[in-house]
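Have a look at the structure below before the remarks.
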Amino acid sequence: MKKRVIIAMAAAILVMAALAAFIFSRWTDKENTLEQAGLAAILDKVKETEEFPEHGDIAYLGASITEKGEVTDFTLTVTGFDDQDQYISHVGYTYDSGTQELSCREYQETALPTYYDPNADFTYIDEQIRRIPFEAQIRLLDFDRFQVEFQPDIQLEAGTPVLDGSGGQDFPVLTWEEYQQGQGGVSDGSSALVISLTDGTGATGKRLEYYCEAADTSALSGHPETVMQMDYRINNGDLLLTGDAGESWVSTGLSSQQVSETTDTYQRGGSLFEDSYFADRNGVYAVFYGEMPTLRLSRDKGGTWQDIPFTDYMPRLCTRRIVRFLDSENGYAGLGTDWTMGSGGATYVYWTHDGGETWTSSTELYEEAMMLDGLAFSDTSHGVASLQTVNGDEQYPALRVTTDGGASFTELVLPWESLPSSVSFLDKVDSLTAEGGVFTLTLGQGTAGNTKAVFTSTDLTQGWIFKDSFQGTIHTEG
């Protein structure tokens with residue numbers, strides 16, 4: 001009898017142990033899923049490395065997951081910032097679950113400024129990932145593999161099916177057919193915080209787009225307070241322009257060779273001269289390109305383009321180019337070279353009054369050892385040009401003012417002593433406006449920084465008063 005009891009007890013113990021092992025296995029599996037562990041399923045593998053920042057953004061995430069949502073291989077790029085949100089560096093990680101090897105590379109992005117993005121913050125993306133019902137969704141899909149992807153500021157084409165949780169509501173769980181029918185919602189074409197569940201075959205494969213709630217909507221593209229209204233980007237040799245703060249992009253149709261020739265001419269690390277392109281919300285797009293300055297202009301939202309060569313004599317390469325339109329008919333341009341003692345330099349100001357069909361030079365704005373850096377008109381008569389010396393080491397730019405559309409320029413002196421200590425230097429004129437008899441002149445730091453200073457006066461030639469300084473927007477698109 002005792003023997004039978006002992007056997008029964010042993011069997012019970014084995015059953016309980018097996019059950020406990022099963023429960024523990026299920027628990028540990030669950031703890032390793034994105035849905036339960038969030039980014040910890042990935043960050044736990046990388047945060048002990050010396051390069052991992054304490055505070056930062058996710059620049060890219062691509063993580064392979066199992067049908068239970070467990071993370072296997074992943075590629076991760078993080079952007080590190082200090083406690084003042086000043087950029088430190090990028091760190092890229094790749095993890096191979098087969099070999100259990102983690103590779104790491106730290107680098108600094110120097111071609112363009114890098115700013116902290118609250119919509120890509122570690123903590124915030126972790127919160128959004130935990131909201132997504134990956135395991136339940138995967139059960140309804142027949143993908144051969146599954147990958148979760150994230151990169152900041154995604155803009156899906158209007159009408160693209162999404163799984164909308166942007167209002168804080170639960171994400172729907174749908175079959176692939178229901179998703180394709182738009183039962184989870186559709187994109188309105190604006191930029192958004194998007195996390196994707198894909199079949200791992202790239203941009204052309206199957207993917208479900210999760211529309212998440214942004215931490216700060218003003219930090220998304222399409223908000224001129226934080227993103228440049230006019231900007232450009234170069235994708236695989238294709239030069240694109242935006243006039244609506246990144247909500248839509250239009251290809252200029254230039255060949256990769258023409259784009260390379262242009263960036264080589266500027267010698268600015270692959271970037272364009274800051275004001276050498278223009279775009280607005282009325283369908284006007286323009287950009288100077290080539291070694292010899294040629295203006296490519298469209299008046300129909302990029303539907304058709306016209307090339308307009310500028311052929312005035314240049315003793316050196318034309319590396320300084322500006323184009324702006326005041327309205328559908330009136331526009332201005334500035335062209336200039338660098339300066340050397342041997343060959344000198346050249347600077348020209350041009351006007352069009354027929355929408356860009358023809359251009360005439362109003363004057364040659366040339367001064368020895370000076371180079372054109374900025375040009376802004378409030379109307380067809382009143383304008384301000386900023387010039388840079390050959391050394392380029394001055395704290396503030398040399399300014400010239402015109403009241404006759406550029407036929408003549410005189411020196412303009414601003415009250416630099418009124419600037420606060422936070423404005424350490426200014427580089428160029430950004431804009432000039434006039435309203436109610438008051439001119440407003442804004443100066444900036446070019447692509448070196450985003451501090452702006454605002455001055456006002458009732459007389460363009462004198463009487464300027466410092467009004468305000470603020471943090472504006474500069475080119476960050478690439």
Side-chain angles (χ1 to χ4, degrees), residues 110-113 228-234 237-243 252 254 257-280 284-297 307-312 314-325 331-340 345-350 356 359 361 365-366 370-377 383-390 392 397-400 426-431 442-450 472-478:
T110 57
L112 297 170
M228 288 180 66
Q229 180 171 327
M230 284 186 292
D231 209 350
Y232 75 93
R233 67 184 183 194
I234 300 173
D238 187 15
L239 174 60
L240 302 102
L241 304 177
T242 180
T252 58
L254 295 172
Q257 181 178 353
Q258 289 171 318
V259 174
S260 295
E261 181 182 297
T262 305
T263 56
D264 289 347
T265 299
Y266 290 132
Q267 298 181 3
R268 291 173 175 255
S271 299
L272 301 184
F273 189 76
E274 187 176 1
D275 296 328
S276 65
Y277 53 89
F278 175 84
D280 65 15
V284 177
Y285 294 85
V287 61
F288 276 111
Y289 76 92
E291 184 175 291
M292 295 298 294
T294 299
L295 183 67
R296 174 155 288 199
L297 175 65
D307 285 343
I308 305 159
F310 284 68
T311 57
D312 281 305
M314 298 280 181
R316 296 170 55 79
L317 283 177
C318 179
T319 57
R320 297 164 183 274
R321 308 175 184 185
I322 298 166
V323 59
R324 290 290 182 266
F325 280 84
Y332 59 91
L335 295 177
T337 67
D338 290 340
W339 187 90
T340 62
T347 302
Y348 298 92
V349 177
Y350 301 85
W359 295 79
S361 175
L365 173 61
Y366 170 73
M370 292 285 191
M371 301 172 293
L372 181 67
D373 208 30
L375 182 66
F377 281 85
V384 176
S386 55
L387 304 176
Q388 182 185 54
T389 64
V390 174
L399 300 177
R400 303 294 181 261
L426 294 168
D427 181 72
K428 61 181 288 292
V429 57
D430 276 0
S431 65
T442 302
L443 302 180
Q445 298 176 325
T447 56
N450 61 343
T473 59
I474 60 177
H475 173 69
T476 58
E477 283 293 339

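Note that the numbering runs from 1 along the sequence shown for the chain.
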**Asked** Looking at side-chain heavy atoms only, is the closest gap between Tyr266 and Ser276 below 4.5 Å?
**Response** yes
Interatomic distance, CZ@Phe273 vs CG@Asp373, rounded to 0.5 Å, equals 5.0 Å
Problem - Side chain proximity check, Leu372 to Leu387, heavy atoms < 4.5 angstrom - result: yes
Those residues at least two apart in sequence (or on a different chain) that pass salt bridge (Lys or Arg N to Asp or Glu O under 4.0 Å) with Asp307 are Arg296
With sequence neighbours left out, the residues meeting side chain to side chain donor-acceptor pair (under 3.5 Å) with Gln258 are Ser255
Distance col, row Lys428:NZ vs Leu399:CG, nearest 0.5 angstrom, shows 11.5 Å
Between the CE atom in Met371 and the OG1 atom in Thr389, the distance rounded to the nearest 0.5 Å is 6.5 Å
Rounded to the nearest 0.5 angstrom, the OG1-CG distance for Thr262 and Leu254 is 6.5 Å
query = Do Val284 and Leu297 come close enough that some side-chain heavy atom pair is under 4.5 Å?
reply = yes
Subject >> Residues Tyr289, Thr265; criterion side chain to side chain contact (heavy atoms under 4.5 Å, CB included); working and verdict >> reply: CA-CA 9 Å; Tyr289 76 92; Thr265 299; over 6 Å; no
* To do: Take the angle between the ring planes of Phe278 and Phe325 and call it parallel below 30°, perpendicular above 60°, tilted in between.
  => tilted
On a heavy-atom basis, the closest approach of Arg400 and Met370 is NH2-CE, 4.2 Å
Note to self: Looking at Ala346, is its backbone amide N or carbonyl O close enough to the side chain of Thr337 to form a donor-acceptor pair, meaning the two atoms are under 3.5 Å apart?
What the structure shows: yes
- Message: Taking Gly374's backbone N and O only, do any of them form a donor-acceptor pair with Ser386's side chain (distance below 3.5 Å, no angle check)?
- Response: yes
For Tyr350, the ring-ring contact (aromatic ring centres under 6.0 Å, His included) test, sequence neighbours excluded, returns Phe310
| request: For the pair Ser361 and Asp312, evaluate side chain to side chain contact (heavy atoms under 4.5 Å, CB included) and give the outcome as yes or no after the intermediate values. | output: CA-CA 9 Å; Ser361 175; Asp312 281 305; 4.2 Å; yes
Smallest heavy-atom separation, Leu426 atom then Pro397 atom, equals O-CD, 3.2 Å
One should read off an interatomic distance between Tyr277 OH and Ile322 CD1, to the nearest 0.5 angstrom, of 11.5 Å
Those residues at least two apart in sequence (or on a different chain) that pass side chain to side chain donor-acceptor pair (under 3.5 Å) with Thr319 are Asp338
Are the side chain of Thr347 and the backbone N or O of Leu365 linked by a donor-acceptor pair below 3.5 Å?
-> yes
Between Leu241 and Ala279 the two heavy atoms that sit nearest each other are CB-CB, 4.5 Å
Tightest non-hydrogen contact, residues Arg268 and Arg320, listed as NH2-NH1, 4.3 Å
Heavy-atom nearest pair, Tyr232 first then Leu272, reads OH-N, 3.0 Å
Hits for salt bridge (Lys or Arg N to Asp or Glu O under 4.0 Å) against Asp427, two or more places apart or cross-chain, chain-then-number order -> none
Here the pair of heavy atoms bringing Leu335 nearest to Pro293 is CD1-CG, 4.0 Å
Sorted by chain and number, sequence neighbours left out, side chain to side chain donor-acceptor pair (under 3.5 Å) with Asp264 holds for none
